[in-house]
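Have a look at the structure below, then the notes.
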Number of protein chains: 2
Amino acid sequence: MSRGVITSADVALRAGVSRSAVSRCFTPGASVSSKTRGRVMEAAQALGYRPNAIARSLNKGRSRMIAVVLGYMDNPFYPAMLERLAARLQACGYRLLLFTAKPDGSCDELFSEILVYQVDGIILGSILLTSALAQRCRAARIPLVLVNRTTDDRVVSSVTADNRNGARAVADFLLAGGHKRFAYVAGLASSSTNHDRETAFRKRLTEAGVSAFIREEGAYTREGAQDAARRLLQRPRPPDAIFCANDHMALAVMDVARFELGLRVPEDVSIVGYDDVASAAWPSYRLTTVEQPVDVMAQAAVDSLMGRIEGGQRGGEQVRIPGELVVRDSARRPASGIVTVDGQDLWRPRERMKARAKA
Amino acid sequence: MSRGVITSADVALRAGVSRSAVSRCFTPGASVSSKTRGRVMEAAQALGYRPNAIARSLNKGRSRMIAVVLGYMDNPFYPAMLERLAARLQACGYRLLLFTAKPDGSCDELFSEILVYQVDGIILGSILLTSALAQRCRAARIPLVLVNRTTDDRVVSSVTADNRNGARAVADFLLAGGHKRFAYVAGLASSSTNHDRETAFRKRLTEAGVSAFIREEGAYTREGAQDAARRLLQRPRPPDAIFCANDHMALAVMDVARFELGLRVPEDVSIVGYDDVASAAWPSYRLTTVEQPVDVMAQAAVDSLMGRIEGGQRGGEQVRIPGELVVRDSARRPASGIVTVDGQDLWRPRERMKARAKA
DNA sequence: AGAGTAATTGCACACGTGTGCAAGCTTTTC
DNA sequence: GAAAAGCTTGCACACGTGTGCAATTACTCT
């Protein structure tokens with residue numbers, strides 16, 4: 001108390017009860033008479049006492065902190081995700097310990113820093129997880145969930161968009177639009193998200209008999225995407241449709257196409273992204289893209305963690321969140337298959353068939 | 001050890017030394033013979049031991065955690081700031097505890113959550129600080145630094161851009177460009193940053209004899225800025241120059257001007273922002289704006305905090321970071337006063353005079 | 001009223017670490 | 001070789017909390 005910090009002992013002294021009684025007053029469900037509770041609360045109020053979370057963590061072996069590791073924040077999808085995660089965790093009474101890592105570099109040394117803080121769970125966003133790290137988490141019994149990435153280790157939980165379905169929808173959409181020469185701007189080749197989107201996209205095109213397919217790597221960065229766009233669009237026979245592994249790169253590709261090369265979008269080249277970040281809807285871009293519902297994914301990640309921390313679930317669930325293909329003006333529109341919902345145009349070829357069947 | 005957590009006692013047992021010896025091995029500058037250090041480190045390595053940060057925090061009364069509170073992340077300036085803060089704090093061996101609050105709402109209840117975790121310092125970004133909160137921090141002896149906001153309380157430290165100078169430069173720049181009817185799109189009126197930019201901008205215009213000045217409030221949101229732009233530009237005599245309190249709103253204003261109202265920028269109306277966020281440089285916008293050097297500001301905030309945590313400084317310093325007016329294409333260019341540095345055009349009327357003097 | 005039961009309370013220990021203090025040991029110095 | 005000085009080391013306490021256990025108190029029922 002003299003040093004400015006007031007402890008339960010100070011409150012106990014003032015209220016004329018034992019320290020245990022004070023502790024019980026701040027422990028939901030503990031046995032305290034209403035009389036002592038009143039006196040304790042009054043004393044606590046007067047002194048401005050709140051139980052020390054650090055001491056409580058040490059005692060209970062639970063810190064009520066969740067480590068969130070993000071690779072990079074240039075892509076606005078991640079700040080948005082972070083904001084949702086912070087809100088969700090706060091609502092659950094947990095605190096968010098933020099770490100940043102190089103997106104390609106492994107985060108081994110970071111992991112030591114994290115484990116030392118006895119966090120109750122870890123959320124990894126856009127970070128590739130080595131099996132050694134997964135093993136360490138399992139040994140320390142710390143639940144872990146990947147966001148926007150998966151891993152082969154089926155024991156690790158993950159929350160991703162339904163990337164294969166999304167990429168297939170893009171392929172179908174572009175085919176229906178009558179495109180002939182396709183290109184893909186890849187993210188980091190090592191990321192599962194890129195792999196899922198690329199392979200599903202390519203497979204669908206191959207099934208449709210398309211042979212004109214080229215790819216360039218953009219490494220998820222704006223500069224990488226710009227270079228990729230230049231290489232793609234300055235070929236003798238440039239593509240008439242470009243699918244980018246995310247919106248962040250798609251916007252860069254649009255800028256290069258329009259302002260460096262003087263191309264019209266979508267008349268000369270169609271461009272499709274993935275994420276539906278806020279700027280995709282801006283009138284300067286009006287990017288056609290597959291949405292990745294940020295708040296649903298954040299909620300799923302937190303739910304998965306809570307299920308394993310508070311309930312005793314074993315983990316290893318792979319949650320896939322579906323997302324709509326939002327049709328705007330950066331890609332040529334097919335004659336049919338587009339429905340309008342809440343003022344947004346969506347690519348839903350099935351629904352149209354249903355509607356036709358109904359008529 | 002049976003429960004999976006290994007403590008210094010386990011290491012001590014294995015190395016055949018006392019627990020204190022283990023502790024000293026992990027305390028820089030403690031007295032340990034090289035022989036025991038070797039045995040301890042070997043045992044620690046074998047068992048995978050690292051000192052429990054929670055227990056250490058409790059013991060030392062220092063958690064090595066810094067709370068960062070952000071109001072909103074829609075404006076990409078804040079994610080960028082957050083990323084820099086995270087990197088800087090990590091480099092100093094501190095952890096970042098992230099909290100989010102409503103930008104207008106006070107964060108009183110949040111503060112209780114923060115203080116409970118015994119953080120060593122608090123960084124507030126785009127949050128208005130009530131004097132009651134400042135008082136609580138002082139009572140708890142927790143250093144506090146505001147980023148991008150100031151307060152009248154001269155005991156509170158803050159890091160901001162040199163907003164008055166920046167706004168004056170914008171006024172001079174627009175006057176030199178021959179503009180006649182000026183408008184300002186305000187952020188939250190309660191924020192010091194908005195106040196400084198607005199009053200300095202207006203004062204300079206008044207000094208120059210300008211009477212045509214109107215203002216609208218955009219509340220720092222995209223929607224607010226769009227509404228403000230519509231009100232401004234649909235007046236009988238619309239402004240020919242609009243200064244926006246930040247880039248986030250300036251981009252929205254540009255979109256409304258060009259795509260809703262069919263105006264040409266900068267031929268019909270000049271638009272200037274503040275922050276120099278990444279998207280301001282995108283070719284779709286090429287926004288003329290005053291830079292707010294994110295990494296310099298982050299460094300200054302961390303330095304200020306460290307000076308008070310580790311050194312024993314008293315605090316109360318008001319750091320103002322200067323920033324250049326970056327000239328792009330969203331505002332009519334004056335005939336003179338622009339110099340090119342590292343491929344960027346900057347508004348430096350003084351320097352030009354110097355250059356002329358030299359010739 | 002008395003016995004039996006339920007609720008409340010305080011003691012004491014545990015959580016895992018850092019560190020002052022004194023004792024033990026090693027090295028230096030005369 | 002002995003005394004002095006300097007390193008190391010272990011003991012024991014502190015940090016602030018939660019909780020099992022036993023003791024005490026309050027309450028209920030016959």
Side-chain angles (χ1 to χ4, degrees), chain A residues 1-41 43-44 47-65 115-120 140-141, chain B residues 1-41 43-44 47-65 115-120 140-141:
Chain A
M1 167 128 193
S2 59
R3 222 190 67 230
V5 281
I6 35 148
T7 75
S8 59
D10 300 318
V11 179
L13 195 67
R14 182 174 174 123
V17 297
S18 82
R19 212 181 45 70
S20 317
V22 179
S23 173
R24 285 188 239 268
C25 285
F26 287 90
T27 310
S31 166
V32 202
S33 76
S34 60
K35 197 176 83 181
T36 53
R37 153 158 285 138
R39 297 173 59 185
V40 166
M41 285 312 188
L47 278 75
Y49 168 79
R50 292 238 6 211
N52 182 330
I54 297 286
R56 178 180 277 179
S57 299
L58 177 59
N59 184 301
K60 304 197 73 163
R62 298 265 218 89
S63 65
R64 295 193 81 83
M65 295 195 293
L115 295 180
V116 151
Y117 268 85
Q118 313 291 99
V119 295
D120 295 345
R141 299 199 189 296
Chain B
M1 165 128 193
S2 60
R3 222 189 68 231
V5 281
I6 35 150
T7 76
S8 59
D10 300 319
V11 179
L13 196 67
R14 181 172 174 126
V17 296
S18 83
R19 212 181 47 69
S20 316
V22 178
S23 173
R24 285 189 239 268
C25 285
F26 287 89
T27 309
S31 165
V32 201
S33 75
S34 60
K35 198 176 81 179
T36 53
R37 156 159 282 138
R39 295 173 60 184
V40 166
M41 283 313 188
L47 277 75
Y49 168 79
R50 295 239 3 213
N52 182 330
I54 297 286
R56 178 181 278 178
S57 299
L58 177 59
N59 184 302
K60 303 197 72 162
R62 298 265 216 90
S63 64
R64 295 193 81 82
M65 296 194 293
L115 295 180
V116 151
Y117 268 85
Q118 313 289 100
V119 296
D120 294 345
R141 300 197 189 294

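Every heavy atom of this structure was used, including side-chain atoms; hydrogens, water molecules and symmetry mates were not.
Contact record, A/Arg14 with A/Leu47: CD-CD1, 2.9 Å, taken as the closest heavy-atom pair. For A/Tyr117 against A/Met65, the heavy-atom pair with the smallest separation is O-CE, 3.8 Å. Residues B/Ala15 and B/Arg39 approach most closely at O-NH2, 2.8 Å, considering heavy atoms.
Rounding to the nearest 0.5 Å places CG of B/Asp120 at 14.5 Å from CZ of B/Arg141. Taken to the nearest 0.5 Å, the CG atom of B/Asp10 stands 11.0 Å off from the CZ atom of B/Arg19.
With sequence neighbours excluded, no residue satisfies side chain to side chain donor-acceptor pair (under 3.5 Å) with B/Ser20. Not a single side chain to side chain donor-acceptor pair (under 3.5 Å) links A/Ser18 to another residue, sequence neighbours left out.
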Only distances under 3.5 Å count here; give the side-chain donor-acceptor pairs of residues 24-32 of chain B to other protein atoms, sequence neighbours excluded, each with its distance to 0.1 Å.
from    : atom 1 : to      : atom 2 : distance (Å)
B/Thr27 : OG1    : B/Ser23 : O      : 2.8

Enumerate donor-acceptor pairs with a distance under 3.5 Å from any side-chain N or O in residues 49-61 of chain A to protein atoms, sequence neighbours excluded.
from    : atom 1 : to      : atom 2 : distance (Å)
A/Asn52 : OD1    : A/Ile54 : N      : 2.8
A/Asn52 : OD1    : A/Ala55 : N      : 3.2
A/Ser57 : OG     : A/Ala53 : O      : 2.7

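One can place CG of B/Asn52 at 7 Å from P of C/dG16, the figure rounded to the nearest angstrom. Between the CG atom of B/Leu58 and the P atom of C/dG16 there is a distance of 12 Å, rounded to whole Å. In this structure, the NZ atom of A/Lys35 is 12 Å from the P atom of D/dT25, given to the nearest Å. Between the CG atom of B/Asn59 and the P atom of C/dG20 there is a distance of 11 Å, given to the nearest Å. If you measure from atom CD1 of A/Ile54 to atom P of C/dG16, you get 15 Å, rounded to the nearest angstrom. Atom CD of A/Gln118 and atom P of D/dT17 are 19 Å apart (whole Å). For A/Arg19 and D/dG20, the CZ to P distance is 15 Å, given to the nearest whole Å. D/dG16 atom P lies 16 Å from atom CZ of A/Phe26, rounded to whole Å.
Residue B/Tyr117 places no side-chain N or O under 4.0 Å from the OP1 or OP2 atom of D/dG16. Between B/Thr7 and C/dG16, a side-chain N or O to OP1/OP2 separation shorter than 4.0 Å is absent. Within the 4.0 Å cut-off from OP1 or OP2 of C/dT17, at least one side-chain nitrogen or oxygen of B/Ser8 is found.
In the set C/dG10, D/dG18, D/dG16, the nucleotide with an atom closest to the side chain of A/Arg56 is D/dG18. Comparing C/dG10, D/dA12, C/dG18 by their closest approach to the side chain of B/Lys60 singles out C/dG18. Nearest to the side-chain atoms of A/Ala55 among the listed nucleotides C/dT17, D/dT17, C/dT19 stands D/dT17.
A donor and an acceptor atom sit less than 3.5 Å apart, one in the side chain of B/Ser20 and one in the base of D/dC11.
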Detail all sub-3.5 Å separations between protein N/O atoms and N/O atoms belonging to nucleotides 4-8 of chain D.
from  : atom 1 : to      : atom 2 : distance (Å)
D/dT8 : OP2    : B/Ser31 : OG     : 3.1

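Looking at heavy-atom distances under 4.0 Å, A/Thr27 makes contact with sugar-phosphate atoms alone, never a base.
Counting heavy atoms from C-beta outward, A/Ile6 and A/Val11 have side chains that stay 4.5 Å or more apart.
One axis for each end of the helix from C/dA1-D/dT30 to C/dC30-D/dG1, each built from five base pairs, and the angle between them comes to 30° at 10° resolution.
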Sequence-aligned protein contact record of nucleotides 21-28 of chain C, with B where the base is within under 4.0 Å of a protein heavy atom and S where only the sugar-phosphate is
--------
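Projected onto DNA chain D by closest heavy-atom contact, B/Arg37 and A/Ala53 fall at different nucleotides, the more 5' of which corresponds to B/Arg37.
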